[in-house]
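Structure record follows, encoded as structure tokens.
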Amino acid sequence: MASDNGLTLTVVGCGTMGIAILGGIMDSLNTSSQSSEQEQSLPPRLPNRFNATCRSDRSASRIKNELGKYNANLNVIQSDNVRAMKEADVVLLACKPFYVKDVLQAEGVREALEGKLLISILAGVPEAQLEDLLYPGLSHEQVREKITIVRTMPNTASKVRESMTVINQSTPPLPQDTKNLVHWMMSRIGKVVEIEPKNMDACTALCGSGPAFAALIMEALADGGVAMGIPRAEANLMAAQVMRGTTGLVQDGEHPAILREKVSTPGGCTIGGLLALEDGAVRSHVSRAVREATVVASLLGSGAKNVNGTRH
Ligand SMILES: NC(=O)C1=CN([C@@H]2O[C@H](COP(=O)(O)OP(=O)(O)OC[C@H]3O[C@@H](n4cnc5c(N)ncnc54)[C@H](OP(=O)(O)O)[C@@H]3O)[C@@H](O)[C@H]2O)C=CC1
Ligand SMILES: O=C(O)[C@@H]1CCC=N1
């Protein structure tokens, strides 16, 4: 643990998401200027040392390459999760769901995590499952005396500090300092919403998978432009800025339906395009993608095989 007033944050399984989240936190610490509102809920101790764990040399190099620019106190630890967890005050669990059992049931892990805050970003793995892996047979109340586990769902836009991160509501509620710390960490990388546990899989689909769905729509917009003669580079830039501008309007309070109506001049081109989208049942298919991903997310933690197998 840190000997000064700072916390040591260990990211176990530091790949795409671990790097994105650490990058957001390090960037925020470098550029920190807190608003008065943030200061009120500022945790008493903030992370100032970072451990990132992985196994391969390739992953270790990637972590150093991508996070080196922040000049943070970062230690990359290969194939020794227990040491990295022992040194931590807070552990961010960022490995793939299918090897969480191996990671948490490895010798010495339970002892290394005792008394600490464990924040999980694993898709489809409820808090109860993490508790059971660490302390089989103990009740939730008994586990809470040994460790605090919080399930969250960020997304890949953490890298540019534009994540939509969902935090699972804890029962009983977290101690205020712990809650402030979790919110502080997650608000370094974007926006935060707390949600009931029953909705975490749907939030995994909407927020965790959402950037992939939005990217597909963005590509389709650009493809249409290319088909009608716009050069690819300009079409990509235009599609991205159109999506950004649209989100800006909605986040500024405009309802999406009103936005659509305002763009649709009677007898104009927009209504013609919108009706073509409705002919293709785009709205239904996009919603279905979120519904499908929710069902798949709910199966990820169970170790079930072929979770993307056809259900029709
Ligand atoms: N990708 C996304 O957009 C999102 C992912 N998530 C969730 O985040 C988690 C991580 O996903 P993602 O970052 O994409 O995955 P990655 O595969 O990019 O990262 C996982 C990392 O874990 C390392 N690793 C594997 N085994 C171990 C081990 N035993 N000990 C320590 N490190 C290990 C791997 O490196 P090496 O093999 O070298 O050890 C790898 O770098 C998943 O649970 C996913 O559900 C949540 C939201 C969005
Ligand atoms: O596809 C996945 O399983 C992960 C979880 C959310 C985003 N990516």
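Both counts, for ligands and for their atoms, begin at 1 and track the order of listing.
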Run the salt-bridge test on Glu127 and Arg144 with the 4.0 Å N-O cut-off and return the result as yes or no.
no
Salt bridge check: are Arg232 and Asp223 linked by an N-O gap of less than 4.0 Å?
yes
Minimum distance, heavy atoms only, to [atom]: which one of [options] is it?
atom	options	value
atom 7 (C) of ligand 2	Gly124, Pro211, Gly208	Gly208
atom 39 (O) of ligand 1	Gln78, Arg62, Arg55	Arg55
atom 31 (C) of ligand 1	Val11, Asn81, Ile63	Asn81

What protein heavy atom sits nearest [atom], and how far off is it?
atom	answer
atom 24 (N) of ligand 1	Tyr99 OH, 3.4 Å
atom 41 (O) of ligand 1	Gly15 CA, 3.3 Å
atom 17 (O) of ligand 1	Lys96 CE, 3.4 Å
atom 43 (O) of ligand 1	Cys95 O, 2.6 Å
atom 1 (N) of ligand 1	Met17 CG, 3.8 Å

Compute whether any side-chain donor of one residue and acceptor of the other, for Thr16 and Arg62, lie under 3.5 angstrom apart.
yes
Cut-off 3.5 Å, side chains only: do Asp201 and Thr294 have a donor facing an acceptor?
no
I'd like to check which ligand 2 atoms, numbered from 1 as shown, lie under 4.0 Å from a non-hydrogen atom of Leu300.
3 (O)
Suppose I only count heavy atoms of Ala123 and a 4.0 Å limit; which atoms of ligand 2 are within that range?
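Going through ligand 2 atom by atom, the ones under 4.0 Å from Ala123 are 5 (C).
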Using a strict 4.0 Å cut-off to heavy atoms of [X], name the atoms of ligand 1 that fall inside it.
X	result
Ser59	35 (O), 36 (P), 38 (O), 41 (O)
Val103	29 (N)
Ser56	36 (P), 38 (O), 39 (O)
Ile121	6 (N), 7 (C), 8 (O), 46 (C)
Pro154	47 (C), 48 (C)
Cys14	41 (O)
Leu122	43 (O)
Met153	46 (C), 47 (C)

Given 3.5 Å as the limit, does a donor-acceptor pair link the side chain of [X] with the main chain of [Y], or not?
X	Y	answer
Ser59	Cys54	no
Thr178	Leu174	no
Thr10	Ala84	yes
Arg151	Ser120	no
Asn306	Gly309	no
Ser302	Ala304	yes
Asp89	Thr8	yes
Arg49	Asn73	no

Could you see which bit of Thr156 sits under 4.0 Å from ligand 2, with heavy atoms only: side chain, backbone, both or neither?
neither
For ligand 1, does Pro97 get within less than 4.0 Å through its side chain, its backbone, both, or neither, judged by non-hydrogen atoms?
both
Between ligand 1 and Val12, can you find any atom pair, the residue atom being a heavy atom, that is separated by under 4.0 Å?
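Outside the 4.0 Å threshold, so no.
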Assess Gly124 for proximity to ligand 1: is some non-hydrogen atom of it under 4.0 Å away?
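It does not, in that no heavy atom of Gly124 comes within the 4.0 Å cut-off of ligand 1.
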Which atoms form the tightest heavy-atom contact between Ile258 and Glu254, and what is the distance?
CG2-OE1, 3.8 Å
Is the closest protein non-hydrogen atom to atom 5 (C) of ligand 2 under 4.0 Å?
yes
Kindly state if atom 1 (O) of ligand 2 has a protein heavy atom within a strict 4.0 Å cut-off, that is, under 4.0 Å?
no
Say whether Ala123, considering both its backbone and side-chain N or O atoms, lies within less than 3.5 Å of an N or O atom on ligand 1.
yes
Test Asn236 against Glu219 for side chain to side chain donor-acceptor pair (under 3.5 Å), laying out the working first.
CA-CA 7 Å; Asn236 285 349; Glu219 274 186 287; over 6 Å; no
Among His140, Gln142, Lys146, side chain to side chain donor-acceptor pair (under 3.5 Å) partner for Glu131:
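The option that passes is His140.
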